[in-house]
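In what follows, a structure is listed as structure tokens, so that the remarks can point back to it.
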Amino acid sequence: MRDLEAGDLVLVACSGGADSVALAAATAFEASRAGLRAGAVTVDHGLQRGSDVRAADVARLCTGLGLNPVEVVQADAAGPGGPEAAARDARYRALDAAAERLGAAAVLLGHTLDDQAETVLLGLARGSGARSLAGMPPARGRYRRPLLGLPRETVRVAADAGGHSVWDDPHNADPAFARSRVRHDVLPVLEKALGPGVASALARTAAQLRADADALDSWATAALAEAGAGGEGLAVAVLALLPVAVRGRVLRRAALAAGCPGTDLSAAHVAELDRLVTDWHGQGPLHLPGGVRAARAHGMLLLSGAD
């Protein structure tokens, strides 16, 4: 967090679980030594009976640690993408709103190395590509994950050593949730079959893939600017010379810029766009989600939004 300045406010997102409580305690101890102000936010999704009481308990714990300000914020977990995704999206919206309202420079999240390993396995199961397998970044925008290199057990020991009361969310053990199944079923089987250290290896893989994905994204940014320099579409001659991994990123970005919803634009759509560049026999136009139309004409790939 070297980019933060003296007097900046950092907020700990504290659920009351061992990971976030350990993070809250460590932040309360270290912030003043770093010249920072430290507060906390706990999000109440209202999904379980007594969640408001528990959120108030978490707020009192954070206040007792010396964090200030401390807020309880409400988040409606209803939304698309299933209960896990909807709750996550609602939580980040609530944290963003709190950070804006309080003027926080950073929000600290208690994700651990084990969370990272689970994220990589979930991305692998979805077949989502290198960016998904890169897992969670240590920092992105205002969000920071200081515990990402530490095993969950180590963090749990730290929370217990501090004598803090922690809450074990029953959702974390509910097999209805994919992450819970990975945590309690998949990872233990991998550890048993392959030996200890699987979680650490998955986390290292995520870091390596993140570096690769960042480099490819940077290349794609430059390639998109070159291909679209004429301002009338994308030059096919430029696109055709790109490696597949870079060209796919360029085409996806172009489709999103033309109005394709990111949630609906699939790898199959991007593959069809790629055929207009590398395997064109006069076919087209291609109709993409969001009413976007893609066609090739006069050596240019043209994408236009719905009228």
Side-chain angles (χ1 to χ4, degrees), residues 1-45 52 54-76 87-113 115-116 119 134-152 154-167 203 206-207 210-211 214 217-218:
M1 295 190 287
R2 295 174 182 174
D3 58 323
L4 299 180
E5 299 180 357
D8 279 347
L9 174 65
V10 297
L11 294 175
V12 179
C14 188
S15 66
D19 300 343
S20 62
V21 167
L23 178 59
T27 303
F29 182 81
E30 293 290 343
S32 61
R33 291 162 176 77
L36 301 172
R37 295 179 295 128
V41 175
T42 186
V43 179
D44 178 13
H45 290 292
D52 55 338
R54 186 163 49 252
D57 289 342
V58 173
R60 279 192 292 273
L61 183 153
C62 290
T63 299
L65 290 170
L67 298 174
N68 182 44
V70 174
E71 289 196 357
V72 175
V73 296
Q74 310 298 317
D76 183 0
R88 181 183 62 248
D89 292 344
R91 185 161 55 252
Y92 278 107
R93 286 194 301 270
L95 291 173
D96 280 334
E100 291 290 340
R101 184 174 62 256
L102 297 171
V107 177
L108 310 185
L109 305 174
H111 296 124
T112 65
L113 181 147
D115 294 309
Q116 184 74 297
T119 300
M136 299 176 287
R140 176 180 292 162
R142 62 165 55 98
Y143 290 100
R144 317 296 167 85
R145 297 178 171 89
L147 307 182
L148 202 56
L150 297 176
R152 181 178 293 129
T154 298
V155 176
R156 180 82 192 215
V157 168
D160 291 342
H164 306 299
S165 176
V166 300
W167 173 64
R210 190 178 313 113
D214 288 346
D217 285 346
S218 179

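H111 is not listed as a side-chain neighbour of L147, based on a closest heavy-atom distance of 4.5 Å or more. Between L36 and L9 the shortest side-chain heavy-atom distance does not fall below 4.5 Å. By the 4.5 Å heavy-atom criterion applied to side chains, V41 and V12 are not counted as neighbours. Put simply, the side chain of R152 reaches to within 4.5 Å of the side chain of D115, judged on heavy atoms. With a 4.5 Å cut-off on side-chain heavy atoms, T112 and L150 do not count as touching. Using a 4.5 Å heavy-atom cutoff, the side chains of P146 and L23 are in contact.
One N or O on the side chain of T63 and one on the backbone of A59 form a donor-acceptor pair closer than 3.5 Å. Looking at S20, its side chain does come within 3.5 Å of a backbone N or O of S15 through a donor-acceptor pair.
Annotation: salt bridge (Lys or Arg N to Asp or Glu O under 4.0 Å) contacts involving residues 26-38, sequence neighbours excluded, are absent.
Of all the heavy atoms in Q116 and R210, the pair that sits closest is NE2-NH2, 3.0 Å. Contact detail for C14 and V58: the closest heavy-atom pair is O-CG1, 3.6 Å. Nearest approach of A203 to L113, heavy atoms of both residues: CB-CG, 3.9 Å. Closest approach of A159 to V166, counting heavy atoms only: CB-CG1, 4.2 Å. Scanning all heavy atoms of the two residues, the minimum distance from R156 to A18 falls at CD-CB, 3.3 Å. Of all heavy-atom pairs between L4 and A105, the closest is CD2-CB, 3.8 Å.
For the atom pair CG of D57 and CG of D52, the computed distance is 10.0 Å after rounding to the nearest 0.5 Å. Atom-to-atom distance recorded for R54:CZ and D44:CG is 8.0 Å, nearest 0.5 angstrom. A distance of 4.0 Å separates CD of E71 from CZ of R101, quoted to the nearest 0.5 Å. To the nearest 0.5 Å, the span separating OH on Y143 from CG on L11 amounts to 9.5 Å. Rounding to the nearest 0.5 Å places CG of N68 at 11.5 Å from SG of C62. Note that the CZ atom of R142 and the CG atom of L108 stand 12.5 Å from one another [nearest 0.5 Å].
Screening V10, D3, L109, V107 for a side chain to side chain contact (heavy atoms under 4.5 Å, CB included) involving R144 leaves a single residue, D3.
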